Amino acid sequence: MDILAKLNPAQKEAVETIEGPVLILAGPGSGKTRVITHRVAYLMNVCGISPHHIMAVTFTNKAAREMEERLSELAPGSVQSLTLGTFHAICARILRRDGKACGIEPGFVIYDDDDQLDLVKRALQELNLDPKKFVPRAILSVISSNKSNMLTSQDCTRSTRSYFEEVTGRVYERYQQLLTASQALDFDDLLMRTVLLFREHPEILKKYQERYIHLMVDEFQDTNLTQYELVKQMADKYKNICVVGDPDQSIYSWRSADLRNILNFEKDYPLARVIYLEQNYRSTQRILDTAAHVIKANRQRKQKELWTENEIGELTNIIETYTEQEEAQYVVKEIERLVESGEANYRDCAVMYRTNAQSRVIEEAFVRYGLPYKLVAGTRFYERREIKDVIAYLRLIQNPCDSVSLLRIINIPNRGIGQQTLNLLSKWASEQGISLFDALKKLAEPDGGTGLLPFNSRTVKTLGAFGSLLKDLVLRSRETNLLDLFDHLTVASGYKDYILADEDGDERWDNVQELRTVAETYRELVPPEALTTFLESVALVSSVDDLDESNNKVTLITLHQAKGLEFSNVFMVGVEEGLLPHIRSLEDPFQMEEERRLCYVGITRARRRIYLTHAFRRTLMGHSTVNKASRFLQDIPKNLVAGGEIWQAAESKLGSDYRTMSAQVSDIKPKPSTVALKAGDRVRHAIFGEGVVVSCTPKADDSEVVAAFGGVGVKKLLLSFAKLEKV
DNA sequence: CGAAAGGCTCTTTTT
DNA sequence: GAGCCTTTCG
């Protein structure tokens, strides 16, 4: 297979330039992913470089998987020994292997955002600091940003310029101690500790430097300083470092991504070859023009000229509606129109929004009108209570030091271990100089150290029982396979009964079973290995990772998550002052530029049609607000906009158009079902399939039907809107 | 000890 | 409007 065939000259240059530093500035839709995969294939197939010597870093696991797929076609058989993944996944692997040298246990757990917040709160409490005055979230974000800039807690306590800095420094220090005691690393540690490991142990770094002769980093505009340093360390020997990015699509500065990494690359590597990918293969000319007019108002940017040979395409649609409900209806109605006229499939459409909160109204409209959709990360699967609980049990089995997990589940299900008991327990444990887990184990022993304990006998019994449960689980984990362990633990801990007793227990239990299905992937691995691998994969998944393109459904997604994706028809909703740009960025020119880039990212996801909608009135955080159209819309010249000017529903500003609008939308509304339903009836739903009615209760002049559908679980539906058919 | 109720503050965006 | 925290009562 000719790797270079079908590449344009710039792409070809990017693929063939394998020596020395290379900076690829790739506009949206310029075939960036194609270039990266082809470059890796070229290194292996043409230059004869062993995949063992190549590392490619992606932004999400999904991107890594996609690349893997494409590579297995271009260069069959070589993918396994390639190092391919996110920074976090790659660093976790390095630290498990070599972290011991700087005191990191190979069995460390990875703490996510929630776990981190827990620890910050605990640190505040221990330091007697008022969480009202020092907001845990804010402190955590300071800690995180320090770690992203390679600042250790020592660095942050050494010199402080304000009381707040002094406090955050102290909290950081305590937080880090708590992490260490739990044998845990947070997301930022994965990166920073790897860099520190390399700094302190040049012999280990050397091993990696010699292994990775070729490095590639995608989405380079979204790397932070720590990641940059890591790349620099690794590439220092051979300097075959190829980074790919687009400053105009940098949208993660709030996560400490530093645009300077890409803007300064040429300074750090004066010999760097800079390659521009400017031909766009994705969008129509008008979509590109629209995007260009929006982005060109930014000051901080590298000028690029995007062009395309694609057709000129349709005009940009700018729509104002009265409320966000009407906006959602408009979107639904327009998608239905496109589908019915054969212009599009559901899967070709995406609705994009600035904040997750906006998805609710959109979702409701989709449910109401029965259009199929998939929501990327509403309540993310791994953030559900029942999932986090079971994972906490598993993490604790793997690493008994994990205090966050222990404290999470010590009283779930209720064992009668309350705050009081907990305080006594941790005091007793620290007096003895042992971990909470060991304390529990001690209490599980038959003579438990009777007499010397600060607990009454009932409490000793309760704690001891829990201790022996954990002890038993840990023992089992060494010989039992992952799935049996999973099943045993959910039953033996009483968690299954506990969750099933819950109001929507069946649905929650289904979720637990879904987690079990994920665990099945690791069934062939030997016991301890299986658990570790499973937990690691669970810790590092992101919401777009399991975005499944096979179903014919409309995608509902945030603008941030949409980066790197493309759809024929894109509906950007809430393009309003205060939302996009977000209210938090109105005062800050730097953040304002980032909002603009976000808008640019959204527009450039579109292949054929772009719809930018805004609502006159919108309910935010409980109360109704009035928003003006986004300033970004003003930058789009009239001749690019459908209707020759920014279109508004005729009377929309007065609010009276809502009825007309609803009337139009109701054209596609299914006829209200007249069938009366009762519990036990079997029904069929257009999207959910067959199910059984759980209950049917009258509500206003309608009925609320609760029905259980195989596979999708229990859903609440309004009788008049749901397409329910009696079977 | 824990369930339930009331009161508070917010919300960007996520590996 | 929700999620989190505190308070109250059995």
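Just so it is clear, the model here is predicted, and its values are computed rather than measured. Here is the naming used below: chain letters follow the sequence lines, and residue numbers restart at 1 for every chain.
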Practice prompt. Would you kindly give the NZ-to-C1' distance between A:Lys132 and C:dC4, to the nearest whole Å?
Written response: 11 Å

Discussion item. Reading DNA chain B from 5' onward, which residue's closest nucleotide shows up sooner: A:Arg255 or A:Val135?
Written reply: A:Val135

Taking only N/O atoms, report every protein-nucleotides 7-10 of chain C pair under 3.5 Å with atom names and distance.
none

Discussion item. Does the Lys NZ or Arg CZ of A:Arg96 fall within the cation-pi geometry relative to A:Phe108 - under 6.0 Å from the ring centre and within 45° of the axis?
Written reply: yes

Discussion item. What is the distance, to the nearest angstrom, from the CZ atom on A:Arg597 to the C1' atom on B:dT13?
Written reply: 13 Å

Worksheet item: Any salt bridge between A:Arg193 and A:Asp188, counting N to O under 4.0 Å?
Response: no

Worksheet, complete the sentence: For A:Ala615, the side-chain contact (heavy atoms from CB on, under 4.5 Å) test, sequence neighbours excluded, returns A:Thr321, A:Glu576, A:Arg618

Response to the item:
Closest to the 5' end of DNA chain B, once A:His582 and A:Phe59 are matched to their nearest nucleotides, is A:His582

Worksheet entry | Pair A:Ser624-A:Arg617, side-chain donor/acceptor within less than 3.5 Å | yes

Worksheet item: In whole Å, what is the span from the CG atom of A:Leu620 to the P atom of B:dT9?
Response: 19 Å

Worksheet item: Is there a side-chain polar atom (N or O) of A:Asn356 under 4.0 Å from OP1 or OP2 of B:dT11?
Response: no

Worksheet item: So, the side chain of A:Ser250 versus the backbone of A:Pro247: is there a donor-acceptor pair under 3.5 Å, distance only?
Response: no

Worksheet item: Just checking A:Phe87: base, sugar-phosphate only, or nothing, at a heavy-atom cut-off of under 4.0 Å?
Response: nothing

Worksheet item: When all nucleic acid strands are considered with a 4.0 Å heavy-atom cut-off, which category describes A:Lys121: base, sugar-phosphate, or nothing?
Response: sugar-phosphate

Fill in: Which nucleotide in C:dA2, B:dT14, B:dT15 has an atom nearest any side-chain atom of A:Thr86
B:dT15

Worksheet item: Do A:Tyr522 and A:Ser537 meet the criterion of a side-chain donor-acceptor pair at a distance under 3.5 Å?
Response: yes

Worksheet item: Whole-Å distance between B:dT14 P and A:Asp114 CG?
Response: 14 Å

Practice prompt. To the nearest Å, give me how far apart CD (A:Gln227) and P (B:dT14) are.
Written response: 16 Å

Worksheet item: Got a minute to check which stems DNA chain B is part of, using Watson-Crick or G-U wobble pairs under 3.5 Å, three or more consecutive?
Response: B:1-10 with C:1-10

Worksheet item: In terms of side-chain geometry, is the basic nitrogen of A:Lys62 or A:Glu66 positioned less than 4.0 Å from the acidic oxygen of its partner?
Response: yes

Worksheet item: B:dT9 P sits how many Å from A:Lys133 NZ, rounded?
Response: 17 Å

Worksheet item: Does atom CD of A:Gln125 have more than 12 heavy-atom neighbours, drawn from other residues, nucleotides or ligands, at distances under 6.0 Å?
Response: no

Worksheet item: Does the side chain of A:Thr558 get closer than 4.0 angstrom to OP1 or OP2 of B:dT14 through an N or O atom?
Response: yes

Fill in: A:Gln358 side chain to A:Thr355 side chain, donor-acceptor N/O pair below 3.5 angstrom
yes

Worksheet item: Does the side-chain ring of A:Tyr252 sit on the six-membered ring of the B:dT13 base, less than 5.5 Å centre to centre and under 30° in tilt?
Response: no

Fill in: Per-nucleotide protein contact string for nucleotides 1-8 of chain B, where B marks a base within reach and S marks sugar-phosphate only (heavy atoms under 4.0 Å, - for neither)
SSS-----

Worksheet entry | Short side-chain N/O contact to B:dT14 OP1/OP2 from A:Gln561, under 4.0 Å | yes

Worksheet item: To the nearest Å, how far apart are A:Asp113 CG and B:dT13 P?
Response: 12 Å

Discussion item. A:Tyr495 vs A:Asp389, test: side-chain hydrogen bond (donor to acceptor under 3.5 Å, both in side chains). Steps then yes/no.
Written reply: CA-CA 9 Å; A:Tyr495 193 75; A:Asp389 288 341; 2.6 Å; yes

Discussion item. Could you work out, with side-chain contact (heavy atoms from CB on, under 4.5 Å) as the rule, every residue matching A:Thr223, not counting sequence neighbours?
Written reply: A:Phe87, A:Val217, A:Phe220, A:Gln227, A:Asn261

Discussion item. By the 4.0 Å heavy-atom rule, please label A:Gln358 as base, sugar-phosphate, or nothing.
Written reply: nothing

Worksheet item: For A:Ser182, which residues count as a side-chain contact (heavy atoms from CB on, under 4.5 Å) partner, sequence neighbours excluded?
Response: A:Tyr111, A:Ala184, A:Ser403

Fill in: Quiz item: cation-pi between A:Arg597 and A:Tyr600, 6.0 Å / 45°
no

Worksheet item: Expressed in angstrom and rounded to an integer, what is the separation of A:Leu579 atom CG from B:dT11 atom P?
Response: 15 Å

